[in-house]
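Note that ligands are numbered from 1 as they come in the structure, with each ligand's atoms numbered from 1 the same way.
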Amino acid sequence: MELLFRPRRLRRTESLRRMVRETHLRREDLIYPMFVASGKGVRQEVPSMPGVFRLSTDLLVDEALEVADLGIPAVLLFGLPRAKDDTGSEAASARGVVQQAVVRLKKHTPGLVVITDVCLCGYTSHGHCGLIHEGEVDNDATLEVLAQVAVSHAEAGADILAPSDMMDGRVGAIREALDERGYEMTPILSYAVKYASSFYGPFRDAAESAPQFGDRRAYQMDPANAREALREAALDVEEGADIIMVKPALPYLDIITHLAAEFDLPLAAYQVSGEYAMIKAAAQKGWLNEEAVMLESLIAIKRAGADLIFTYFAKQAAALLGK
Ligand code: PBG
């Protein structure tokens, strides 16, 4: 049999495969999301996210040290406030859980980049990402509150702010508020393309942030749309985003590829709670090989074009990559 080209020639051994490998997963690519609870000594595992814990600030520091030791450069913080109300007022409080956590982390793990999620859904009694007016999320009134939340995180010492609310104009509003107060060097990582996804289910258990009425489809994107993703990202870039993100990751690899081709900013992707839970659950049943599927999903997200990956697997993946 005379075949001019045999692709298998370069697949024969691991050494050959290593030489021609096109994409690499590095510990530097990973960002670990963490849930901060109020109180002391709190360590509660999230039932639908095995291995992920809600931690009070004292115990958060221990886990952050572990994260830094593994060579992971950054964490993302979500807060579980003491009390929720209509306007999510604890979100912008200097004494809020996230603000206090940032202060502690910057003291005990100064080299670790602290990213904070800027949103209201974990803080509002109705569970929506903005202020409610006549049964709907009021976009422009929400912008002011988001800007206050962002400033309070910057004042606490957050290194990067990550708005995840999907209000129109929020990157510009946050940029302006930060600049006015002298935080012109604090970058914004915008959840530019965030879909109204059912893969967020376990996260809403973890953050107790499920909407109490309706859903988020009036502000998060329709999973059927791709062109709109380019428009959303372009708006955030114009408004001053420094890093843009696609979320979820694995079901939206085409969107990651579109954005990587179109924009010259660093691109992040968020492997969300449901993506994590699916792999964990199948592995617990013995139906999938957890490590292999985890690494395959992460390399796929990079191959699609992501530079950075937010993943609950960050510690596990970094431990394997470090070897
Ligand atoms: C807050 C926010 C959500 C996630 C990140 N930021 C939940 C939501 O929009 O309902 C989801 C993360 C995950 O599922 O891991 N708006």
Side-chain angles (χ1 to χ4, degrees), residues 30-36 46-54 75-81 84 88 90-91 97-98 115-124 126-132 137 139 142-143 145-146 149-150 153 160-168 170-171 174 188-223 232 243-252 268-281 294 297-298 301 308-315:
L30 306 172
I31 299 166
Y32 187 56
M34 303 178 84
F35 298 96
V36 195
V46 180
S48 50
M49 300 174 73
V52 174
F53 293 81
R54 298 188 191 117
V75 294
L76 169 68
L77 300 185
F78 292 102
L80 287 115
K84 306 190 188 215
E90 198 178 314
V97 270
V98 164
I115 308 173
T116 54
D117 185 85
V118 175
C119 196
L120 298 184
C121 61
Y123 299 83
T124 51
H126 45 73
H128 278 286
C129 303
L131 304 183
I132 300 294
V137 174
N139 192 88
T142 301
L143 296 184
V145 184
L146 290 170
V149 175
H153 291 182
I160 301 181
L161 305 175
S164 69
D165 51 282
M166 289 301 275
M167 297 302 119
D168 295 332
R170 87 263 204 231
V171 172
I174 290 172
I188 297 176
L189 184 160
S190 117
Y191 288 67
V193 181
K194 179 172 176 183
Y195 285 93
S197 172
S198 298
F199 285 98
Y200 306 150
F203 173 93
R204 292 178 188 173
D205 295 340
E208 295 165 349
S209 65
Q212 298 302 301
F213 67 89
D215 52 47
R216 302 206 205 291
R217 285 182 291 180
Y219 42 102
Q220 299 179 346
M221 273 186 52
D222 185 337
E232 270 287 0
I243 303 176
I244 51 179
M245 177 147 76
V246 174
K247 178 182 171 196
L250 214 52
Y252 296 88
Y270 199 136
Q271 181 177 51
V272 301
S273 56
E275 297 177 70
Y276 176 82
M278 284 196 301
I279 295 175
K280 282 280 174 189
M294 164 186 78
S297 66
L298 294 171
I301 294 164
L308 299 167
I309 307 173
F310 287 78
T311 175
Y312 302 99
F313 283 121
K315 290 199 302 176

Next on the checklist: Taking ring pair (Phe, Tyr, Trp, His ring centres under 6.0 Å) as the definition, give me every residue that meets it alongside Tyr123, ordered by chain and number, with sequence neighbours left out.
Outcome noted: none
Next on the checklist: So that I know where these two stand, are Phe53 and Phe35 an aromatic pair - ring centroids less than 6.0 Å apart?
Outcome noted: no
Checklist entry - Are the charged groups of Asp222 and Arg217 less than 4.0 angstrom apart, N to O? => result no
Item to check | Between Asn139 and Tyr219, a side-chain donor and acceptor under 3.5 Å | outcome: no
Next on the checklist: For Phe310 together with Tyr32, are the ring centres under 6.0 Å from each other?
Outcome noted: no
Checklist entry - Exactly which residues line ligand 1, taking a heavy atom under 4.0 Å from it as the test? => result Phe78, Asp117, Cys119, Cys121, Cys129, Ser164, Tyr191, Lys194, Tyr200, Phe203, Arg204, Arg216, Gln220, Lys247, Tyr270, Val272, Ser273, Tyr312
Checklist outcome for this item: Exactly one candidate in Ile309, Ile31, Leu76 meets side chain to side chain contact (heavy atoms under 4.5 Å, CB included) with Tyr270; the answer is Leu76
